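Fair warning: this is a prediction, and the values are worked out from it, not measured in the lab. First listed ligand is number 1; within each ligand, the first listed atom is number 1.
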Amino acid sequence: MKNKKTIITYGTYDMLHVGHMKLLERAKALGDYLIVGVTDENYDRSRGKLNVVESTKKRVKMIESLDFVDKVIVETHKNQKAEDMVKYDVDIFAIGDDWIGAFDYLNEYTHVEYLARTEGISSTKLRKENFDTIKMGIVGIDRDTKSFIYESKFVSNLKINRVYSSDFLTVKNFTKNSDSIKYGHDNYDDFLDTSISAVYINTSLNEHYTLIKKAIEAGKHVLCENPLALNKSELKELLSLAKKEKVLLLSALKTAFLPAFNQLLTELDNGIIGEVKEVRATRTSLYKEKNYSDEFIAQGATNILSSYPSLLVNKILGKSNKITFFDQKDGDYDISNLIISEHKGGTIGVSRVATGVKSEGDAVISGTKGYIYIPAPWWMTQKFEVRFENEHKTQMFNYQFDGCGLRYMIAEFTSLIQRDKRKSKMLTPSDMIRINRVLLEYNDREKEKKNRDTKKGKK
Ligand code: C2G
C-alpha cells in the first residue's frame, strides 16, 4: 500500500493569479504530494498560446516558491501527461473544468478530476489590463498583406489600422475592400505622422533601407522582410540607428519564431546528434516578383531566398569565416546559387537557393551520432526526424501549427514591444548580421565584377 497520495496538475501560470492559486490549493487538498507541470514556451506556442508574457524559468520559479507545491516539472510535449502518470505513479490528475472532457483519455492511467474554475479572472484579462494595445501600420500592399492581417488577429493587444503604398489606386482598392483597415496613405510622411507605434514593411527589396530609416527616425518599431538593406554598411547603420532611437528592428524571418524550429535548436544544444558537422538546406521558388525592377541586385535568387537557409546554417554553426558562391545566371539575374560557407572548427554550411530551378526544399543537419531531417518545406518547420544508424531509434518531433506560421513572429514582435525589450533571443541583431552577410557579400562581389567589366569595356 502506498502511504502518500500523489496529485498532478498542469498549466502555464502566466502572471500567476488568484484563479491559479485556488486551483492549485484545491488540487493539493485532494492528496498529500502535489506535482505541478509548468508548460514550456515552445509547447505553449505550439498549442496556440502565443501571448504568454513570462519566461518558462520565471513561471517555474513562481510555482516553486509556493510552499504547498512539492515538485515542479516542465511540460514540453503533448504526450507527456500520459508518460508522467506512469513515471510518478500518479493517483489523481486534477485540472480546471474549462478542460472538461479533454483529458478523459488519461483515466486509463489515473483518476481524472475536473475542479471548478474561478470566474472573472484570467491571464488574458490581466494582459489586456496591464499592457497597452500596439497600433501597427502596414507598408506595402501585395498578395501576402491579407494573410499578415489575418494572422495578426491571433495576437492579443495588437491592432493594425492603416496601410501605406506609394500607389494611390492600390491603397484605395485595399481600404475599400478591407473590413478592418479603413485608413490608407500614399504619402509615407503622413502615414508615419499618425498614432501608430510600429510598422511592418513588405515592399520591393531595394526600398527597404529608406523606408526603415524613416520609420526609425519617426520613433516607430520596425518589422521588415529580409534583407533589411542591400549592403553591409547600410545594415549596420540601421541596427545602430534603432539602438540609438531605442526602437525594435526585427527581420521578418518567420521560420526563426516557429515552435518546431526553436525546439530543433534546443535538441541540438542538448547534443541529440552529437557534434554538428554540416548543415544543408534548400529553398527554391518559381514565383517571380511582380514589380520586377532593373535593379538586378535586389531581385535575384540570392537576395530573395538565401536568408532562410542562412538562418538555419548560422543559427546552428555560428559566424561564417569564408563563403563561396556557385551561381547560374540569366543576364544579371542569378537564377540559382549554391552557397558553401565555412564555420568554426571547419564545419560546413550548404545553402541552395533558386528562382529559376525547382528542387526539393528539405534540410539535413549532420552530426557525429546521427542526423536531423526536416522535410519540405523545411522553412515552415512543423516536424523533424532525428535519425540514427539504427533506424529503430528514430525520434519524431511534431509541432503542427494553424495558418501560415506568421502569427508566431507577430506575437514575438508585439510581446517584445510590450515588455520594453529591444532584442529577440530567437533572432538577435548578431543573428541578423550573420544571416545577411551571405547576400551582402554576394552583392558586393557582383558589384565589383560589374565595375571591372564596365572598366574593361571602356578600354
Ligand atoms: N484556472 C482556474 N481559474 C481561472 C484560470 C485558470 O481555475 N480563472 C486553472 C485552469 O483551469 C488550469 C490552471 O488554472 O487548471 C492553469 O491555467 P492556465 O495557466 O491557463 O493553463 P492551461 O492552458 O489551462 O493549461 O498542459 C497544460 C494544461 O493542459 C492546461
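Scanning the protein heavy atoms around atom 12 (C) of ligand 1, the nearest turns out to be G96 N, 4.1 Å. Distance from atom 5 (C) of ligand 1 to its nearest protein heavy atom, with residue and atom name: R117 NH1, 3.3 Å. Regarding atom 26 (O) of ligand 1, its nearest protein heavy-atom neighbour is E75 OE1, 2.5 Å. Nearest protein neighbour of atom 21 (O) of ligand 1, counting heavy atoms only, is T12 N, 3.1 Å. Closest protein heavy atom to atom 10 (C) of ligand 1: D98 OD1, 3.9 Å. Looking only at protein heavy atoms, the nearest one to atom 14 (O) of ligand 1 is H20 CD2, 3.5 Å. The protein atom (non-hydrogen) at minimum distance from atom 24 (O) of ligand 1 is W99 NE1, 2.8 Å. Nearest to atom 20 (O) of ligand 1 among the protein's heavy atoms is K49 NZ, 3.1 Å.
Side-chain contact between M15 and V53 is present, with at least one heavy-atom pair separated by less than 4.5 Å. At a threshold of 4.5 Å between non-hydrogen side-chain atoms, the residues N270 and I272 do not count as touching. The shortest side-chain heavy-atom distance between D70 and V36 does not fall under the 4.5 Å cut-off. Looking only at side-chain heavy atoms (C-beta outward), N314 and H343 come within less than 4.5 Å of each other.
Contact annotation: for T9 versus ligand 1, there are no heavy atoms closer than 4.0 Å. Neither the backbone nor the side chain of K22 has a heavy atom within less than 4.0 Å of ligand 1. Only the side chain of R47 comes within 4.0 Å of ligand 1, counting heavy atoms alone; its backbone N, CA, C and O stay farther away.
Although no hydrogens or angles enter the test, the distance criterion places no donor-acceptor pair under 3.5 Å between the side chain of D362 and the main chain of I374.
The nearest pair of heavy atoms linking P375 to K383 is CD-O, 3.5 Å.
Those atoms of ligand 1 with a heavy atom of G11 less than 4.0 angstrom away are 16 (C), 21 (O), 25 (O). Atoms of ligand 1 found under 4.0 Å from any heavy atom of F103 (numbered from 1 in listed order, with element): 29 (O). Close approach of ligand 1 to L23 is summarised as follows: ligand atoms under 4.0 Å from at least one heavy atom of the residue are 7 (O), 9 (C), 14 (O), 15 (O). Within ligand 1, counting atoms from 1 as listed, the ones closer than 4.0 Å to a heavy atom of T39 are 26 (O), 27 (C). Taking a cut-off of under 4.0 Å to the non-hydrogen atoms of K81, the atoms of ligand 1 that pass are 26 (O), 27 (C), 28 (C), 29 (O).
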For K28 and Y33, run side chain to side chain contact (heavy atoms under 4.5 Å, CB included): C-alpha distance rounded to whole Å, both residues' side-chain angles, the deciding distance at 0.1 Å, then the answer. CA-CA 7 Å; K28 173 74 180 213; Y33 190 78; 6.0 Å; no
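An N or O contact shorter than 3.5 Å links T118 to ligand 1 by distance. In terms of polar-atom proximity, I95 is not counted as a contact of ligand 1, lacking any N or O under 3.5 Å from an N or O of the ligand. Geometrically, ligand 1 and I121 share a nitrogen or oxygen pair separated by less than 3.5 Å.
Taking the centre of each ring, Y200 and F148 come in below the 6.0 Å mark. Between Y10 and F93, the distance from one ring center to the other falls under 6.0 angstrom. If you look at Y150 and F154, their ring centroids are closer than 6.0 Å. Between Y164 and H185, the distance separating the two ring centers is not shorter than 6.0 angstrom.
Looking at F93, Y13, Y114 and measuring to atom 16 (C) of ligand 1, the nearest heavy atom belongs to Y13.
In summary, D14 and R127 engage in a salt bridge, as defined by a charged side-chain N under 4.0 Å from a carboxylate O. Comment: E275 does not engage K369 in a salt bridge, judged by the lack of any side-chain N to carboxylate O separation of less than 4.0 angstrom.
Taking a 4.0 Å cut-off on heavy atoms, E119 fails to register as neighbouring ligand 1.
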